[in-house]
Trainee: 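Let me begin by handing over the structure; questions about it come next.
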Amino acid sequence: MSVVKTRFAPSPTGYLHIGGARTALFSWAYAKRHGGQFILRIEDTDVARSTPEAVQAILDGMAWLQLDHDEGPFYQMQRMDVYKRMIQRMLDEGHAYYCYCSKEELDALREQQMQQGIKPRYDGRWRPEPGKVLPPPPDNVPPVVRFKNPTEGVVVWQDLVKGRIEIANAELDDLIIARADGTPTYNFCVVVDDWEMGITQVIRGDDHVNNTPRQINMLKALGATVPQYAHLSMILGDDGQKLSKRHGAVSVMQYHEDGYLREAVLNYLARLGWSHGDDEVFSMAQFCQWFDLDHITPSAAQFNTEKLNWLNAHYIKTLPLERLADEVKPRLLALGITDTQAPDLHAVLTLYRERANNLNQLAKEIAFFYQTPVINEADAAKHIQPETAAIIEAFVQQVQDSAWTADILHDALNQVVAAQQIKFPKLAMPLRVAVIGIAQSPSIDQVMALLGKTVCLQRLRVLFPNLTA
RNA sequence: GUCCCCAUCGUCUAGAGGCCUAGGACACCUCCCUUUCACGGAGGCGACCGGGGUUCGAAUCCCCGUGGGGACGCCA
């Protein structure tokens with residue numbers, strides 16, 4: 001039994017989006033599960049569309065998700081000599097041949113076939129056959145190389161996700177494996193690489209199902225071992241539409257920017273199209289022990305931001321405080337906050353992490369600890385009444401000479417409420433508005449204790465300038 | 001058009017012929033907790049695409065519809 005080896009093979013024509021990330025995650029997890037190797041291969045043979053920025057974006061995305069590869073990254077453009085040697089071999093062994101059709105000729109053929117209602121495909125006009133006389137090669141058309149696909153029989157494989165798939169060779173045509181300029185095309189490079197790199201399980205998107213029989217035929221022509229295939233269904237956007245620029249096909253790094261933890265994204269993606277009974281929340285370590293191809297859903301899955309948010313909230317609540325602080329600090333910095341010493345960020349996070357489901361939101365919510373809050377007008381209008389100043393006055397009288405802890409403040413609050421014969425919110429809400437700018441917060445006594453006496457009193461005086469205390 | 005794939009609550013899914021009066025999670029609704037908003041707790045709403053078979057018995061197997069998706073490039 002050969003050792004398991006999987007690969008993630010993106011083409012660098014854009015960022016790493018959520019669908020690609022899941023494919024990578026599953027390939028990675030499969031290798032981990034079986035003690036195998038996971039390799040990263042950049043399929044950059046489309047020179048016109050590949051960019052170094054996209055390569056970097058993919059590397060960044062993989063790094064953020066911590067989907068580390070054991071080998072690579074390999075770049076197909078650096079393996080040209082390998083492909084060219086293989087193409088020559090195919091030619092020499094009669095598995096491939098030169099085709100002198102021009103693009104225009106091919107386009108015309110395709111159009112004609114479409115009109116006739118038949119599947120558009122190459123008609124084999126340059127395909128050599130015993131007893132067949134080929135036209136003389138035109139001297140102004142540089143030839144492409146085509147693979148001589150079998151014309152009869154069927155290609156069958158046991159897909160690890162979708163089960164047995166069978167496609168008739170009659171449905172396939174002779175695909176181009178080398179362009180007129182001599183460069184190899186995608187399907188050929190994949191075949192050569194998967195073979196040479198010893199890939200045992202090809203885990204990829206199911207848009208490749210139709211390429212699989214061609215690849216199997218080429219593998220067989222080369223005398224290579226055919227790997228196992230697992231075709232993952234696609235991920236649909238939140239709106240049920242195909243993922244695209246307008247439908248949330250954003251970079252995984254966008255999730256990072258938008259305040260999501262990698263733990264949440266990974267857990268969410270793992271659970272999208274794969275299941276382990278009723279388990280919903282699990283670590284990547286656990287996932288790597290559980291992951292298998294038998295429990296992958298063959299149908300497409302719709303992305304659900306609400307559930308991602310829920311997982312994000314879970315991880316914000318349970319992450320080690322140190323980790324959480326590291327995630328929040330840069331986001332506070334983006335709000336102009338550099339110093340998180342006083343009050344202590346860990347203490348602030350302990351108080352606030354319970355209620356957050358997003359890192360950016362969390363940073364925004366605790367910003368008032370480190371900078372002057374903006375008073376929310378609606379909250380102020382609602383909670384600051386004509387009698388409020390007197391109530392605040394009484395409160396300040398009560399606490400100005402005492403120690404400043406949550407317990408003491410808690411008692412003081414209750415005493416003032418009792419003495420003034422008012423409902424608790426009559427005091428608590430104006431305090432919130434004055435001290436933190438809005439009417440929603442954890443217990444106001446705890447918030448004020450963290451903020452400190454000086455700052456609290458100072459902020460109270462801003463909103464209630466006539467305090468005598 | 002041709003070929004291929006798919007089909008359980010709004011969404012992600014459990015389910016491999018009897019354990020299913022179909023389970024869990026997100027969302028939603030109600031109640032509880034409460035110092036507001038959250039968090040948390042307890043309930044609730046809510047699905048096997050349709051039709052034929054096979055079988056004592058089908059969400060599970062088969063066929064046909066229907067619907068959705070994918071592929072048909074000198075793109076990957």
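Each chain gets a letter, A, B and so on, in the order the sequences are listed, and its residues count up from 1. These numbers come from the heavy atoms of this one structure, side chains and all, not from hydrogens, waters or symmetry mates.
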Trainee: For A/F147, which residues count as a ring-ring contact (aromatic ring centres under 6.0 Å, His included) partner, sequence neighbours excluded?
Mentor: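 None.
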Trainee: Nearest whole Å is fine: how far is B/C26 P from A/Y315 OH?
Mentor: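 It works out to 14 Å between those atoms.
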Trainee: Given the C1' atoms of B/G15 and B/G24, what is the spacing between them in whole Å?
Mentor: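 The same atom, C1', in both gives a distance of 12 Å.
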Trainee: Atom pairs under 3.5 Å, N or O on each side, protein against nucleotides 10-17 of chain B: can you list them with distances?
Mentor:
| unit_1 | atom_1 | unit_2 | atom_2 | d |
| --- | --- | --- | --- | --- |
| B/C12 | OP1 | A/Q302 | N | 2.9 |
| B/C12 | O2' | A/R271 | O | 3.1 |
| B/C12 | O2 | A/K307 | NZ | 3.4 |
| B/U13 | OP1 | A/G273 | N | 2.7 |
| B/U13 | O3' | A/S275 | OG | 3.3 |
| B/U13 | O2' | A/R271 | NH2 | 3.1 |
| B/A14 | OP1 | A/S275 | OG | 2.8 |

Trainee: Taking the side chain as every heavy atom from C-beta outward, state whether A/D44 and A/V55 have any atom pair closer than 4.5 Å.
Mentor: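 No, side chains not in contact.
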Trainee: Taking atom C1' in both B/A25 and B/C45, compute the distance separating them and give it to the nearest angstrom.
Mentor: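 Here B/A25 and B/C45 have their C1' atoms 16 Å from each other.
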Trainee: Quick check: on RNA chain B, is the nucleotide nearest A/Q446 upstream (toward 5') of the one nearest A/L308, or the reverse? Name the residue that is more 5'.
Mentor: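 Its nearest nucleotide lies further toward 5', so the answer is A/L308.
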Trainee: Grab the NE2-P distance between A/H314 and B/A27 for me, whole Å please.
Mentor: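 It is 14 Å, rounded to the nearest whole Å.
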Trainee: Taking salt bridge (charged side-chain N to carboxylate O under 4.0 Å, His left out) as the test, write out the residues that go with A/R49, two or more places apart.
Mentor: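 Expected list: A/D46.
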Trainee: Taking ring-ring contact (aromatic ring centres under 6.0 Å, His included) as the definition, give me every residue that meets it alongside A/H295, ordered by chain and number, with sequence neighbours left out.
Mentor: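 Scan of A/H295 (ring-ring contact (aromatic ring centres under 6.0 Å, His included), adjacent residues dropped) gives none.
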Trainee: Round to a whole Å and report the spacing from CD1 of A/I384 to C1' of B/U36.
Mentor: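 One finds 14 Å between C1' of B/U36 and CD1 of A/I384, rounded.
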Trainee: Which residue, A/W28, A/W274, A/Y268, forms the ring pair (Phe, Tyr, Trp, His ring centres under 6.0 Å) with A/F287?
Mentor: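 Looking at A/W28, A/W274, A/Y268, the match for A/F287 under the ring pair (Phe, Tyr, Trp, His ring centres under 6.0 Å) is A/W274.
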Trainee: Look through every strand shown and name the nucleotide pairing with B/C20 as Watson-Crick or G-U wobble, where both distances are under 3.5 Å.
Mentor: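 Result: none.
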Trainee: Report yes if at least one side-chain N or O of A/K423 is closer than 4.0 Å to OP1 or OP2 of B/U36; otherwise report no.
Mentor: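 No, no such contact exists.
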Trainee: Are A/E171 and A/R121 close enough for a salt bridge, meaning some N to O gap below 4.0 Å?
Mentor: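 Looking at A/R121 together with A/E171, the answer is no, because their closest N to O distance does not fall below 4.0 Å.
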Trainee: Measure CG/A/L427 against P/B/U35 and give the value in whole Å, please.
Mentor: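 So the two atoms are 13 Å apart, to the nearest Å.
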Trainee: Looking at B/C31, which nucleotide sits across from it as a Watson-Crick or G-U wobble partner, both distances under 3.5 angstrom, or is there none?
Mentor: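 For B/C31, the partner nucleotide comes out as B/G41, under the 3.5 Å rule.
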Trainee: Name all pairs fulfilling the side-chain hydrogen bond (donor to acceptor under 3.5 Å, both in side chains) condition that reach into residues 425-434 of chain A, sequence neighbours left out, sorted by first residue then second.
Mentor: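 Every side-chain hydrogen bond (donor to acceptor under 3.5 Å, both in side chains) pair that includes a residue of residues 425-434 of chain A, provided the two are not neighbours, is A/E387-A/K426, A/R432-A/S441.
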Trainee: If each of A/G163 and A/E306 is mapped to the nucleotide of RNA chain B with the nearest heavy atom, which maps nearer the 5' terminus, i.e. the 5' end?
Mentor: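 Closer to the 5' end of RNA chain B: A/G163.
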Trainee: Using Watson-Crick or G-U wobble geometry with both distances below 3.5 Å, tell me the partner of B/U60, or none.
Mentor: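 Paired with B/U60, as far as the under-3.5 Å criterion goes, is no nucleotide at all.
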Trainee: Report the base-pairing partner of B/C49 (Watson-Crick or G-U wobble, both distances below 3.5 angstrom), or none.
Mentor: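 Per the H-bond distance test, B/G65.
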Trainee: Strictly under 3.5 Å: I want the nitrogen or oxygen pairs between protein and nucleotides 73-76 of chain B, one per line.
Mentor:
| unit_1 | atom_1 | unit_2 | atom_2 | d |
| --- | --- | --- | --- | --- |
| B/G73 | OP2 | A/R110 | NH1 | 3.0 |
| B/C74 | O2 | A/A180 | N | 3.0 |
| B/C74 | N4 | A/C101 | O | 3.1 |
| B/C75 | OP2 | A/R179 | NE | 2.1 |
| B/C75 | OP2 | A/R179 | NH2 | 3.2 |
| B/C75 | O3' | A/R179 | NH2 | 3.3 |
| B/C75 | O2' | A/D46 | OD2 | 2.4 |
| B/C75 | O2' | A/R49 | NH2 | 3.2 |
| B/C75 | O2 | A/R49 | NH2 | 3.0 |
| B/A76 | OP1 | A/T45 | OG1 | 2.9 |
| B/A76 | OP1 | A/R179 | NH2 | 2.4 |
| B/A76 | OP2 | A/R179 | NH2 | 3.4 |
| B/A76 | OP2 | A/Y186 | N | 3.0 |
| B/A76 | O3' | A/E43 | O | 3.2 |
| B/A76 | O2' | A/S11 | OG | 2.8 |
| B/A76 | N6 | A/N211 | OD1 | 3.3 |
| B/A76 | N6 | A/N211 | ND2 | 3.3 |
| B/A76 | N1 | A/N211 | ND2 | 3.4 |

Trainee: If I pick the P atom on B/U34 and the same atom on B/C29, what distance separates them, to the nearest angstrom?
Mentor: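 Rounded to whole Å, the distance is 22 Å.
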Trainee: Using the P atoms only, state how far B/A14 lies from B/U55, rounded to an integer number of Å.
Mentor: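 About 30 Å, rounded to a whole number of Å.
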Trainee: Who does B/U2 pair with, Watson-Crick or G-U, both distances under 3.5 Å?
Mentor: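 Matched B/U2 with B/A71 under the 3.5 Å cut-off.
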Trainee: With the threshold set at 4.0 Å, does a side-chain nitrogen-carboxylate oxygen contact exist between A/R110 and A/E105?
Mentor: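 Between A/E105 and A/R110 there is no salt bridge, as every charged N stays at least 4.0 Å from the carboxylate O atoms.
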Trainee: Take atom CD of A/Q361 and atom C1' of B/C39, then tell me their distance rounded to the nearest Å.
Mentor: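 Distance check: A/Q361 CD to B/C39 C1' gives 12 Å.
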Trainee: Between A/D194 and A/R41, is the closest basic N to carboxylate O distance under 4.0 Å?
Mentor: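 The answer is yes: the pair qualifies as a salt bridge.
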Trainee: How long is the line joining NZ of A/K426 and C1' of B/U35, in whole Å?
Mentor: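 Going from A/K426 (NZ) to B/U35 (C1'), I get 15 Å.
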Trainee: Can you check the A/D379 CG to B/U35 P distance for me, whole Å?
Mentor: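 After rounding, the reported distance stands at 19 Å.
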Trainee: Which of the following nucleotides, B/C4, B/A7, B/U35, is nearest to the side chain of A/A428?
Mentor: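 The answer is B/U35, which lies nearest to the side chain.
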Trainee: For the C1' atoms, the ones on B/A59 and on B/A47, what distance do you get once it is rounded to whole angstrom?
Mentor: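 Their C1' atoms lie roughly 10 Å apart.
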Trainee: Using the C1' atoms only, state how far B/A7 lies from B/G50, rounded to an integer number of Å.
Mentor: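 Comparing C1' positions in B/G50 and B/A7 gives a spacing of 12 Å.
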Trainee: So, are A/D159 and A/R164 salt-bridged, with charged N and O less than 4.0 Å apart?
Mentor: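 Looking at A/D159 and A/R164, the cut-off is not met.
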Trainee: Are A/T6 and A/I199 side-chain neighbours, meaning at least one heavy-atom pair lies under 4.5 Å?
Mentor: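 A side-chain contact under 4.5 Å is absent here.
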Trainee: Considering only atom C1', compute the distance from B/C49 to B/G68 and round it to an integer number of Å.
Mentor: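 Pairwise C1' distance, B/C49 against B/G68, rounds to 11 Å.
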Trainee: Once you apply the 3.5 Å cut-off to both distances, tell me the Watson-Crick or G-U wobble partner of B/C26, or none.
Mentor: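 For B/C26, the partner nucleotide comes out as B/G10, under the 3.5 Å rule.
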Trainee: Which whole-number value in Å describes the distance from A/R164 CZ to B/C5 P?
Mentor: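 Spelled out: CZ on A/R164 to P on B/C5 is 10 Å.
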Trainee: With sugar-phosphate meaning primed atoms plus P, OP1 and OP2, does A/D445 contact a base, only sugar-phosphate, or nothing at under 4.0 Å between heavy atoms?
Mentor: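 Touches a base.
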Trainee: Would you measure the distance from the P atom in B/G17 across to the matching atom in B/A58 and give it in whole Å?
Mentor: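 The same atom, P, in both gives a distance of 14 Å.
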